[in-house]
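What follows is one structure encoded as structure tokens, with my remarks underneath.
Naming convention: chains lettered A, B, ... in sequence-line order (proteins, then strands); numbering from 1 in each chain.
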Amino acid sequence: MELVLSLGIGVLAASGVWLLLRPRTFQAILGLSLLTYAVNLFIFAMGRLKVGAAPVLASGTDAAGIADPVPQALVLTALVISFALTALFLVVLLAARGVTGSDHVDGQEPGRREQGLGKSGR
Amino acid sequence: MSAPLILAYGLGLAQAMLVLAMALAAWRVLRGPRAQDRVLGLDTVYLNGMLTIMVHGLRTGDGLSFEAALVIALLGFAATLALAKFLMQGEVIQ
Amino acid sequence: MPAEFLLVTAALLPFLGSVAVALLPRDARNAAALLAGGVTLAALACIGALFTHVGAGTVVRTFDWLPTLGVGLTLRLDGLAWLFAVLVLGIGALVVLYARYYMAAEDPVPRLFAFLLAFVGAMLNLVLAGNLIQLVMAWELTSVFSFLLIGYWYDNRAARDGARMALTITALGGLCLLAGMVVIGRIVGSYDLAVVLASGDAIRSSPLYLPALVLVLAAALTKSAQFPFHIWLPRAMAAPTPISAYLHSATMVKAGIFLMIRLWPVLAETDAWYWIVGTAGMATMLVGAWSAIFQHDLKGLLAYSTISHLGLITLLLGLNSRLAVVAAIFHTVNHATFKASLFMAAGIIDHETGTRDMRRLSGLWRAMPHTATLAMVAAAAMAGVPLLNGFLSKEMFLSEAVDNVGDHPVQLALPVLATVASAFTVLYSLRFIRQTFFGAPPHDLPHAPHEPVRWMRLPIEVLVLACVAVGLVPNLTIGPALEVATRAVFGNGGPDYDLAIWHGVNAPLALSMGALAGGVGLYFAFGRRINTNPRGGPWLMHRLDGGFLFERTMTGLVRGARWFERMFGATRLQAQLRTLFLVALIAGLSVALARGWPTLAPPSLAGIDPAFALLWLVGGACALGAAERAKYHRLSAVMLTGGAGLVGSLTFVWLSAPDLAVTQLLVEIVTTVLLLLGLRWLPKRDEAIVVTQQENRRARRRRVTDFVVAATVGTGLASLAYAVMTRPAPEGIARWFVEAAYPQAGGRNVVNVLLVDFRAFDTLGEISVLGIVGLTVFALLRRFRPAADSLERPRQQLRQEAADRARADREVGDTAADALLIPTVVITWLFPFVCVFALHLFLRGHDLPGGGFAAGIALTIAFILQYMARGAQWVEDRLRIRPIAWIGLGLLVAGLAGAVPWLFGRPFLTATFQYAEVPILGKIPMASAVAFDLGVVVLVVGASVLMLVALARQSLRRAREAAAEPEA
Amino acid sequence: MSAWSDHLLVLPIVLPIAASGIMLLLDERRSGLKAAMSLATAAALLVVALALAAQVTDAPLIYRLGNWAAPYGIVLVADRLSVLMLLLTAVLGLFALVFAVARWDRAGPRFHALFLLLLMGVNGAFLTGDLFNLFVFFEVMLAASYGLVLHGSGEARIRAGLAYIAVNLIASLFFLVGVSLIYGTMGTLNMADLARRLSGPGSEDVVLVEAGCAVLGLAFLIKCSAWPLGFWLAPTYAAASAPAAAVLAILSKVGVYVVVRLSLLLFGAGVSEGFGQGWLFAVGLATVAYGTLGILGVRDVMRAAAYAVMISSGTVLGALGTGNRAALSGALFYLVGSTLAAAALFLLGEILQRGRDPAAASLAVFADEYRDPFDDEGATETGRVIPAASAIAGGAFLLCTLMLAGLPPLAGFIGKLAMFSGLAAGAMPGSAWAFIFLLTVSSLGTLVPLVRLGILGFWVPHDDPDPVIGPLEFTALAGLLGICLGLSLWGGTGLAYTDRAVEGLSNAAGYIHAVLGEGTP
Amino acid sequence: MTDTDIPLWAACLVVALALGGAGFSLIGAIGLIRLRTFYERVHAPTLGATLGMALIVAASVVFFSMDEGRLVLRDLLIGLFLTVTTPVTLILLGRAATYRDRTEGNADAPPDP
Amino acid sequence: MSRLLPHPLLSLALAVMWLLLNAPVTPATLLLAGLVGWLVPFVMLALRPDAVRARAPGVILRLAGTVLVDVVRSNIDVAKVILGLNRGERRTGFVSIPLDLRDPYGLTVLSIIITGAPGTLWVQYESATGRLLLHVLDLTDGDDWVRRIKDRYERPLLEIFR
């Protein structure tokens, strides 16, 4: 299980990083989502893996055997925050696209840089 | 063959089948060819994912994953609905 | 005590006066001048009254300031300080008087006087400083205030540039001085001047001596305008003449001299000192004198002459002879008197005639005989004519030059060069007098020249009187002061000297006379040609325009800085992000290299659930697919990302994290909707962007790099995860939570208990983030301006409406309505069920998977479904939601739930729980954390609905806009 | 836990939450009331910080949230450094707010709530003793800063904001990876507990812990805009509205604070003693150098202030990297002064630019939903012009210049002097020399462009109207610079305080004992 | 993994139901791959959404009822909601597909009703 | 009645849902279920849905039975199609069906039935003409499908949603 999960984390992270380094804003936001998934799973993995041992105390469960609840709580918090920030990022890139007319992450196509740094082409 | 053993193997097999179904549906998402095929694939992925969760609940026997399954059953269609509507109308909310 | 009191009063008065003057109205010239002059005179009186104390010893007063650094504010009045203080204040008072009449009526002089007084204060504190650091401070203050003074007429470009250059160069020196003082402080172990002065041997023998010396001299030489730092001084002439008179005679430039004299006992008498100071002085003396010859501007001539005289003084200090130091001190005083009077005279000429150009001036003797006489005496003093003070110190200088001839060829040239410089001095002094006051009557001047007002002349008279008095009876006038100053420098080891006018016929006298004759001769030989020298630049050196070089250096600096910034910086986002990841990789690598790679358990296939592996095959494929497709096939990339997210949720289910699974699924759904909402406003696939071959190649190379970076980051994260997961869990805090959750916090779902009780503070912050983001999104979208190409309605809708219009039996919008008929019905009736589900998630969160956040998101989805089915307008006509208020309410509820324990003297967020016995219902757990969780729900709904709705409403806005456009 | 003063420690976080919560319930048009509330809250924060400063002793103050004991629950810990930073935040917040009330708070909706929540995030980050909680407060602070950077909209802000957000989102992910890695290997999140565990004998897994710390450190370094991770700072801060930029000046200091705190607490002794010190030194130097290059090349005041912020962060990092406590103390003193001065410079920059560039006024597209705050300029109470506005602005600019360039006699000089003398008193290896040299160069490098900008702004004749300073804006400037002057006058007290703060920071055992209570080594 | 003590026959029943459900779902997914046009494929997932789901819900009901010793019907909710919501998506999706096919003039575009 | 309990059926359904979610039934859950069933339907007031008039419970039950059987049968049919077990030739295609049913709820139920049964898909309904476009996987006889839909499903639904 550990092997599979860590490979999964690696693939998610690599895809995310790759997308984040792409020039289009939409690629960046998807990359961010993927990287967030990877990181959340990473945090979760730090509590070690257990199957069928959710940290919910039914009467008679063995407290020692259940999964580490702390990383789960951390992931939940991180999940909420990254959800919020993804939304924000999305809106900001829409706004940037609105004011610059381009969906390049720098607000302009690289070839058109000479036209001036401060002003958009329009 | 004791009951737990049967359950373990049988449900494990069932779960594997469902994940396989997921994989096939995901193949459709990847391959398309049209956007509607992908949406259909995604819907199927969700569906099989939900069934996987249910069978996993059976395997572990604690029933704690019920809510997760219910979330897909009750609200999972929102995502695919949004996609379908996007295809149909060009925007999700007008 | 009264002595110290006088000292402190003197040191503070100018600053207080400065503030007082600054507060005067801008046209209060008389009041300002009176105040300024009064303050200066009062301070002078204080210092003067202390002369007897100085003769007896040193007056010291210390205030604590930075005790931990050994820096106190010490006022220390010894003979040297006394002499300089009197010079500063005395000439200061005269300058104030002069400036009162010099400045035009409409000039806002209070500002000038305020700056002047502040400068006086800084200068005074410089000479009175009893602590090295304090000296540095006063030093930099003189730079700053001189900057303000030089730039007083800032409408002139020359004034601005001159001020900037002066500040830049002298502040550079000041920074070096600080470093130098710190080094000296390290050698000596104290910044106290008395201690430092007593540690000369320690300093000279320290390995740090040379750095300290270089740093201190860098300061002294820049301030005293020594070659090649002299360039700022002529440019500082842009200041009003009274200011020039002050800065370049008695103060500012003398600060460097003062510093060298002050530290002479501890730094001098080494070879390094000899060569650095001596060479600088010699070069400056010659360059200054040479340049002065060619100036047409009176003030320019005086400026270069100042440089030359400063060089002379510096040279004297550099000779490593104690007698030369006495000469230096003496000449400093003399120079101050005659140069100040000359500047003032030049100012009067400028003031009365409207020009300072010697080529235009002539025969002013007739119009202003009084002034001419004064100027001539002063010029003669400068030239070293006997019976005037300049002669005495010149004589001492030449005799030192003769006495210190060494073996080195350069040293052999010393007397010759000294004589040459003296001859130059005679030359330009003569030129000044002859061309200004003699010759034909002036014509074509801006003003008709006449004598200035009486009071304007008075300062010059006083100064010239001093020149003459010192020249005639040195022992009666300057003698005692020079004596205490010498004693202050050398203690009892001072040299013997004689201030007599006549020493008999000896080598110095011969040289002096030779210089006089030479100067006169040279003037008559070359005077005319000098006048026709077009730009006023000196022969041989006209290419060395200091100002030009300085500006070039500055622009070069700026340009270079920008270039370096581009080289080592990144403006483009991709480059920045790439750097981030690369640095992360380097950081990880460096740790691994330093500590050794972590050992990884050998991977084994045993124990791997094939279904789980298959699941992650799907997840990985989705992620890779999304990465591959995101550029052109955005919709499918969104779906694939969703697929990866779903796999993540399933993993959570699989690995015993039901809460996470629920939350992740819900977030997943909302995020997909959100992304789709955003997708509407992005441009269509834009393949029209023309890409050149070269760019294409660059892009390919970038892709390869990015691929490597991405793969490495992925590998790194995966191996870290694997390494940690395959190690036994540390005995950490987790166990305690599991054990305490139920007995101490009353919840069975440990994760939820962590969120709302043990670590509720995190949750409070987390919902704040959500709220903040909601507000930000709202604010942004209120001023959202869609790009032009996404302004129109989507193609699909236009076509469908066209089709509807084409058919008689249909109305516009029917297609859409029919398509949404079934979904609408289902979604409407699903609404209450989702509400119940949310309630369920919320209420059972403490014991079973669920919780406030999940409940809030579920409710949000319920809302969004309504929006999707019916459109924003329809929903908002019916559901009056004020999401911002919800956010506020959520924060308040959560905060209040946290604050209630205060009433019981418990810390913030202390949860109480108990079982309430209710008849019929039995035991009901009443965890107060539920109240906190309620705040979470409210806020989550508010914030996420706000975000989604704000985005969704953009379509409405566009419609409204389109409707408004035809009217406009 | 009964007297009200026992709860003082949590007030810097709770007060802004409560105030912003109430403000969100109020209608948007009640801007006067909101401004008053907001100012009152900021003033209250200042009072709280002062009260804490009066209370703090060698032993840190501890507040157990939820009444849970230390390694398990979240604790707030206030030692001298935290209190100092709280004070700085409160001062900066108050005056930036005063400035904003003059006009900026109406340039977009819900300014005050965002502003107060930003203060809450910053305060929380300074107070918390728990790594993950630190993450949460970082996020609060960053989220609010995103909002404030974008406040007022306009192309430059949105563009800069996009990069700013992207970089900081990645920093947050680094933060998460680092924290979780530390948790996964050490099993704890509490800083004191972590320090205790690290001070024990090392295991073979120390490389994993250190990898976690390295990644975590990167997150902080990104936030303190260290080279080469801080390219986002200058464009962002320069684009932000003045009061936002002023208060953002403290934001990068949060990163600095955390780096200082954690590296002294965790790596002062034990297995990983001195971990990362060399890197910090190099990064600090590089940051100062880069900031100096940047400021040398600037074209406007806002950007200059942004680079000044960078230089000041780099200075502290470098001082920390030298391992010289006296230098660190001086650097902290310098940090306080330079932050205030940079904030003042941001405000001044806005005043100077105000009349000049009409493009800076952002585009209002949807008039129906948006009231342009500058339309009703005449109606506000700030219209009256102080006649000496230019003189005041010029004087303030001069003071800022002196502060930032570290010229005497202001606090910037004292800080630099303390650093120099601390370094000089030490063993003086080459690195100390290099640091002294670089700081001297950077002083000059700061002075030259600022003088140029000052001359351009105040001396070069131009047709634009002279700067106008409303009374509120004057108050803000005067307050910030007055404190700078006060810092200079009472520099001895200040330095003594930072000395003791550094001493407290270096005393990891004392911190651990205070947080974890009895029975710990 | 499962430490339950339900009787053998119940276990067999549960496994049979689950396998049946999983089988139908798998067949549906296979259909998604094998069928050639969109309009054919769209029928395939319904297999899982109806019978497949129903069998697994039944398995769940049986299992938890036996396990907890009382009738546990909450899984019926899943079946109910899924039945109601799945058609919503499919209908809209089908409609979107027809719309797209018609506007693009594809050969297999459906006729007007 | 309607003011206090606007949607009694809905209330019942919600209460049942609550009970199912929070089994086992205890006095506390019963009380809460009652509360939920009573209070939550008030949210529907805001949405103002069209009223539902469902009658003839017997018909409902019968229809349910029919649908259940049909679903199972068509599941098996489609499974055969997918696995290639059916005899040779297979035709798929669209069927257009004129509907008399106009009640949105009736249409909704019909759509759920049709779509829920594998092998048939509700593709497009035109409110103006009342015609429904159906896609059928195994289209052996077009007329047969029209009749099947109308007889088996539409008629009972017309009865229910009169």
Side-chain angles (χ1 to χ4, degrees), chain C residues 65-69 137 140 154-155 160 164 168 171-172 175 179 182 186 558 561-562 564-565 569-570 573 576 579-580 584 587-588 591 595 598 724 730 732-733 736 758-759 761-762 765-766 768-769 772-773 775-776 779-780 782-783 785 884-885 887-888 891-892 895 905-910, chain D residues 1-2 10 17-18 21 24-25 64-68 71-72 74 108-110 117 133 136-137 139-140 143-144 147 150 153 163 170 184 186-188 207-208 210-211 214 218 228 231 293-294 296-297 365 369 407-409 418 420-421 424 440 443-444 447 451 455 459 461 491-492 495-496 499:
Chain C
W65 186 43
L66 306 173
T68 50
L69 301 180
M137 286 176 29
E140 292 285 38
Y154 55 74
D155 280 351
R160 298 195 298 264
R164 181 153 71 99
T168 308
L172 168 67
L175 291 169
V182 168
R186 173 186 158 91
V558 170
R562 285 188 188 144
F564 269 106
E565 195 197 346
L573 181 60
Q576 289 190 33
T579 317
L580 294 192
V591 170
R595 285 286 183 181
V724 174
I733 53 177
W736 184 87
F758 294 136
R759 298 184 67 88
F761 205 50
D762 278 349
E766 160 205 316
S768 309
V769 173
I772 292 167
V773 168
L775 294 178
T776 307
L780 260 179
R782 268 189 26 167
R783 309 187 67 188
R785 186 180 68 170
I884 293 191
I887 295 177
L891 275 182
L892 277 181
R906 298 277 176 75
F908 191 68
L909 283 173
T910 306
Chain D
M1 286 278 183
S2 56
V10 79
I17 291 194
L24 290 177
L25 291 178
R64 295 190 168 79
L65 284 155
N67 217 5
W68 299 112
Y72 310 115
I74 294 170
R110 308 290 169 185
L117 288 172
N133 193 239
V136 172
F137 279 110
E139 292 305 316
V140 172
L150 297 166
S153 278
I170 293 183
M186 302 306 286
T188 191
V207 55
L208 290 176
E210 287 188 357
L218 274 188
F231 305 133
L293 288 173
L296 264 173
V365 181
E369 297 197 16
L407 289 189
F420 285 6
S421 94
T440 305
S443 279
L444 189 70
L447 181 70
V451 167
I455 287 178
W459 281 2
L495 272 179
D499 276 350

For chain D, which candidate among [options] shows the most heavy-atom pairs at distances under 4.5 Å?
options                            : result
D762(C), V591(C), L69(C)           : D762(C)
T168(C), T579(C), L909(C), I884(C) : I884(C)
R160(C), Q576(C), M137(C)          : R160(C)
P730(C), A171(C), G588(C)          : P730(C)

Counting heavy-atom pairs closer than 4.5 Å to chain C, which one of [options] comes out on top?
options                            : result
G21(D), A211(D), A418(D)           : G21(D)
I455(D), N133(D), L296(D), T188(D) : N133(D)
L150(D), L444(D), D499(D)          : L444(D)

Counting only non-hydrogen atoms closer than 4.5 Å, does [X] touch chain C with its backbone (N, CA, C, O), its side chain (CB onward), both, or neither?
X       : value
L447(D) : side chain
F137(D) : side chain
V140(D) : both
L407(D) : side chain

What's the separation between atom [atom1] in [X] and atom [atom2] in [Y], rounded to the nearest 0.5 Å?
X       : Y       : atom1 : atom2 : result
T68(C)  : L495(D) : OG1   : CG    : 4.5 Å
L218(D) : I170(D) : CG    : CD1   : 12.0 Å
T776(C) : L117(D) : OG1   : CG    : 9.5 Å
L891(C) : I17(D)  : CG    : CD1   : 6.0 Å
F564(C) : L293(D) : CZ    : CG    : 7.0 Å

Mutual orientation of the aromatic rings belonging to W459(D) and Y154(C) [parallel < 30°, tilted 30-60°, perpendicular > 60°]: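 Parallel: the ring planes of W459(D) and Y154(C) meet at under 30°.
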Ring geometry between Y72(D) and W736(C) (parallel below 30°, tilted from 30 to 60°, perpendicular above 60°): parallel
Exercise: identify the closest heavy-atom pair between P67(C) and G492(D):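 Heavy atoms of P67(C) and G492(D) come nearest at CD-CA, 3.9 Å.
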Portion of L775(C) that has a non-hydrogen atom of chain D nearer than 4.5 angstrom: side chain
L573(C), part contacting chain D, at a heavy-atom distance under 4.5 Å: side chain
Note, T910(C) side chain near R64(D) side chain (heavy atom, < 4.5 Å):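 No, every pair of side-chain atoms sits at 4.5 Å or beyond.
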